[in-house]
Amino acid sequence: MKTFFTFSFFVALAFCVSCATSSSPSQYEAFIQCLEKYPIPPSAPISAVLYTPDNSSYSSVLQTYIRNLRFNESTSPKPRLIITALHVSHIQAAIVCAKAYNFQMKIRSGGHDYEGVSYVSEHPSFFILDMFNLRAINVSIADESAWVECGATLGEVYYRIAEKSNVHSFPAGVCPTVGVGGHFGGGGYGNMMRKYGLSVDNIVDAKIIDVNGRLLDRESMGEDLFWAITGGGGSSFGVVLSYKIKLPRVPPTVTVFRVRRTYDANFTNLIYRYQEVAPNFPDELFLRLTLDVVNSTSGQKTNRATFRALYLGSGKDLVSLTKASFPELGIEQKDCIEMSWVESVLFWTDFATGTPVDALLSRVPQVLYYLKRKSDYVKRPVPKAGLEFIFKKMVELEFPSLTFNPYGGEMGRIPASAKPFPHRAGNLFKLQYATNWNESGVEVADYYVNLTRALHGYMTPFVSMNPREAFLNYRDLDIGTNDNGRDSYREGLVYGIKYFKQNFNRLVNVKTAVDPQNFFRNEQSIPVFPRTTN
Ligand SMILES: Cc1cc2nc3c(=O)[nH]c(=O)nc-3n(C[C@H](O)[C@H](O)[C@H](O)COP(=O)(O)OP(=O)(O)OC[C@H]3O[C@@H](n4cnc5c(N)ncnc54)[C@H](O)[C@@H]3O)c2cc1C
Ligand SMILES: *[C@@H]1O[C@H](CO)[C@@H](O)[C@H](O)[C@H]1NC(C)=O
Ligand SMILES: *[C@@H]1O[C@H](CO)[C@@H](O)[C@H](O)[C@H]1NC(C)=O
Ligand SMILES: *[C@@H]1O[C@H](CO)[C@@H](O)[C@H](O)[C@H]1NC(C)=O
Ligand SMILES: *[C@@H]1O[C@H](CO)[C@@H](O)[C@H](O)[C@H]1NC(C)=O
Ligand SMILES: *[C@@H]1O[C@H](CO)[C@@H](O)[C@H](O)[C@H]1NC(C)=O
Ligand SMILES: *[C@@H]1O[C@H](CO)[C@@H](O)[C@H](O)[C@H]1NC(C)=O
Ligand SMILES: *[C@@H]1O[C@H](CO)[C@@H](O)[C@H](O)[C@H]1NC(C)=O
């Protein structure tokens, strides 16, 4: 074993020295030729899915799944090739040939990565393996499960479940255009997390194509690799083709509300009380809080709180529950709307009331922004004086919003090592810092990114420390990068501990075993272990 790792370390080094130099034209042609020569069924010619920059459709294929306009600039690095795989053999060819000709593969499913890691790179010879054509969804209500290909969107998953049953669901994110591939690979959370945990807590099988081009399922990949690709980020380990998910039951009628409060004499107390109650509600209630800044009627900038609820039960029960435990919010029957679970998905993503459910099948987001996101974990309520300080700073900064996602419930009962996602018991909230803007340009982006970082900075006394934890699906390159995998373990440790805490070591073990030459690498991939000293 030792000799093996030592050897592969040197191979990886040699490999990566050449990463720094752009591939020669002949190397590029050889890569394309390799793809064209790969044994592929005649019914699925690979030439039909290859987009080089001189193809007239190249730009539109590239832009179709760019979900952060910050990476849609003319200065954003562009892939040498896009492969819109239609068949497993296309993925196998992409892996085998990219490995042989030293091209970096970026795997893109829904393209929602906050830092564009699935479609931009500083590597001079990178290409995109685009998964959007591979999006079959097979729901079996009899088995209360479904096989879902990674190019599917969450909206498609929800729609296909609801098409067959109004009492089955899936716990995943609230934005319907998010892709299954990145979302499940990175954990996946949504408004049923307190009841059913994360997406990955409900995954029972998977299919992956490994670095040697082999198609493996849970049994043939083994429990370590299966564990790693259910929360450790699929892209460090292979190309995930599909996941098999369990479909938890929900009542035929659920209840939602959205209420807003602006700053007044009771505001601080309201937000403080929210922190005490939200992580301790019954598992059926998820109450999200978003703080932002708006112009008051008198034209002054002021703090605003938006509370949005999903309750897996009736409006009547929700009113009595909140009256008993959170009277300060003043929820009345008139605030509550009863609907089916799938309609609640539309409500949560801000579709107008009455929008037909098939809006979930649209792969085009309602709105696209230039954006920056960051995350944090809260383990003790932010004290009232701290809240007052943050409210003032938010008014100064104006643009970043701050969302509290309550933990507790099932999230606190699942062991921290069950999945690579480590943020379980002991957390009250996951925070999301979000800034959206509308103008292109690097200086403009710097300005808004700085504001986001500033709010994150002001929160330092109130959030987790050593490590300052972060959520992989809220990709944030500020917390460290491994410079495209050129090194390795030491750099990977920096962001790895924040995303995975004590699970990082096991991820590195799995990575070293399944991809010792670090072919599947990106700005924040799991590194291989450094050479062991003899
Ligand atoms: C509007 C919006 C709302 C969001 N809401 C939520 C939310 O409610 N809850 C939540 O948890 N997250 C949320 N996210 C974050 C989201 O879960 C992550 O960005 C997720 O990675 C997106 O998946 P994707 O397939 O769309 O992304 P991509 O950009 O395609 O991929 C993200 C990462 O996964 C890798 N990857 C993708 N597909 C595969 C594959 N088949 N095999 C191996 N690796 C793969 C990519 O290489 C990349 O590293 C949201 C993001 C946005 C933009
Ligand atoms: C672009 O690529 C597609 C898919 O391979 C192909 O069908 C089409 O003919 C190409 N177009 C051009 C202009 O090369
Ligand atoms: C992305 O950039 C291209 C090229 O500048 C532009 O045509 C396109 O409209 C942009 N996409 C969005 C959604 O703004
Ligand atoms: C879905 O079912 C069809 C028909 O049985 C099968 O060909 C396909 O491979 C299945 N897809 C998935 C993702 O399981
Ligand atoms: C604050 O709450 C108290 C008691 O609930 C209420 O009487 C008062 O009107 C509230 N003040 C403001 C400014 O809303
Ligand atoms: C508030 O008003 C100012 C000036 O009218 C405007 O520039 C700003 O964009 C507004 N802010 C918000 C959050 O609406
Ligand atoms: C972006 O522009 C749209 C349309 O003008 C506007 O509705 C929206 O509020 C703007 N968003 C931001 C973040 O400025
Ligand atoms: C953003 O912050 C950096 C570092 O503090 C600074 O150098 C830069 O000038 C800032 N940019 C803007 C546009 O404020």
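Counting starts at 1 for both ligands and their atoms, in listed order. The chain is numbered in sequence order, starting from 1.
- Relative ring orientation between Phe421 and Tyr377 is described as perpendicular, the plane-to-plane angle rising above 60° on a 0-90° scale split at 30° and 60°.
- By the 4.0 Å N-to-carboxylate-O rule, Lys372 lies close enough to Asp478 to be salt-bridged with it.
- A donor-acceptor pair shorter than 3.5 Å can be found between the side chains of Tyr65 and Arg363.
- The pair Glu144-Lys246 fails the salt-bridge criterion, with no side-chain N (NZ, NE, NH1 or NH2) lying under 4.0 Å from an Asp/Glu carboxylate O.
- Ranked by closest heavy atom to atom 3 (C) of ligand 1, the top entry among Cys175, Ser236, Gly182 is Cys175.
- His112 O, 3.1 Å is the protein heavy atom nearest to atom 19 (O) of ligand 1.
- Every atom of ligand 3 with a heavy atom of Leu368 under 4.0 Å away is listed here by number and element: 13 (C).
- For the residues Asn138, Leu241, Leu134, the heavy atom positioned nearest atom 2 (O) of ligand 4 is part of Asn138.
- Compare Gln432, Met131, His183, Glu149 by their heavy atoms: the one nearest to atom 6 (C) of ligand 1 is in His183.
- Checked by distance only, ligand 1 and Val174 come closer than 3.5 Å through their nitrogen or oxygen atoms.
- Of the N and O atoms on the side chains of Asn503 and Lys419, not one donor lies less than 3.5 Å from an acceptor on the other residue.
- Using modelled atom types, no side-chain atom of Asn427 and backbone atom of Phe429 make a donor-acceptor pair closer than 3.5 Å.
- Contact analysis puts Gly238 in contact with ligand 1, with a non-hydrogen atom separation below 4.0 angstrom.
- Distance check on atom 14 (O) of ligand 4: some protein heavy atom falls below the 4.0 Å cut-off.
- Per-atom contact check: atom 9 (O) of ligand 4 does not touch the protein, criterion being a heavy-atom distance below 4.0 Å.
- A cation-pi arrangement is found for Arg308 relative to Phe347, the charged atom lying closer than 6.0 Å to the ring centre and inside a 45° cone about the ring normal.
- Residues Tyr474 and Tyr114 bring their aromatic ring centres within 6.0 Å.
- Residue Ile107 has at least one nitrogen or oxygen atom sitting less than 3.5 Å from a nitrogen or oxygen atom of ligand 1, judged on distance alone.
- Below 3.5 Å of separation, one finds an N or O of Tyr189 facing an N or O of ligand 1.
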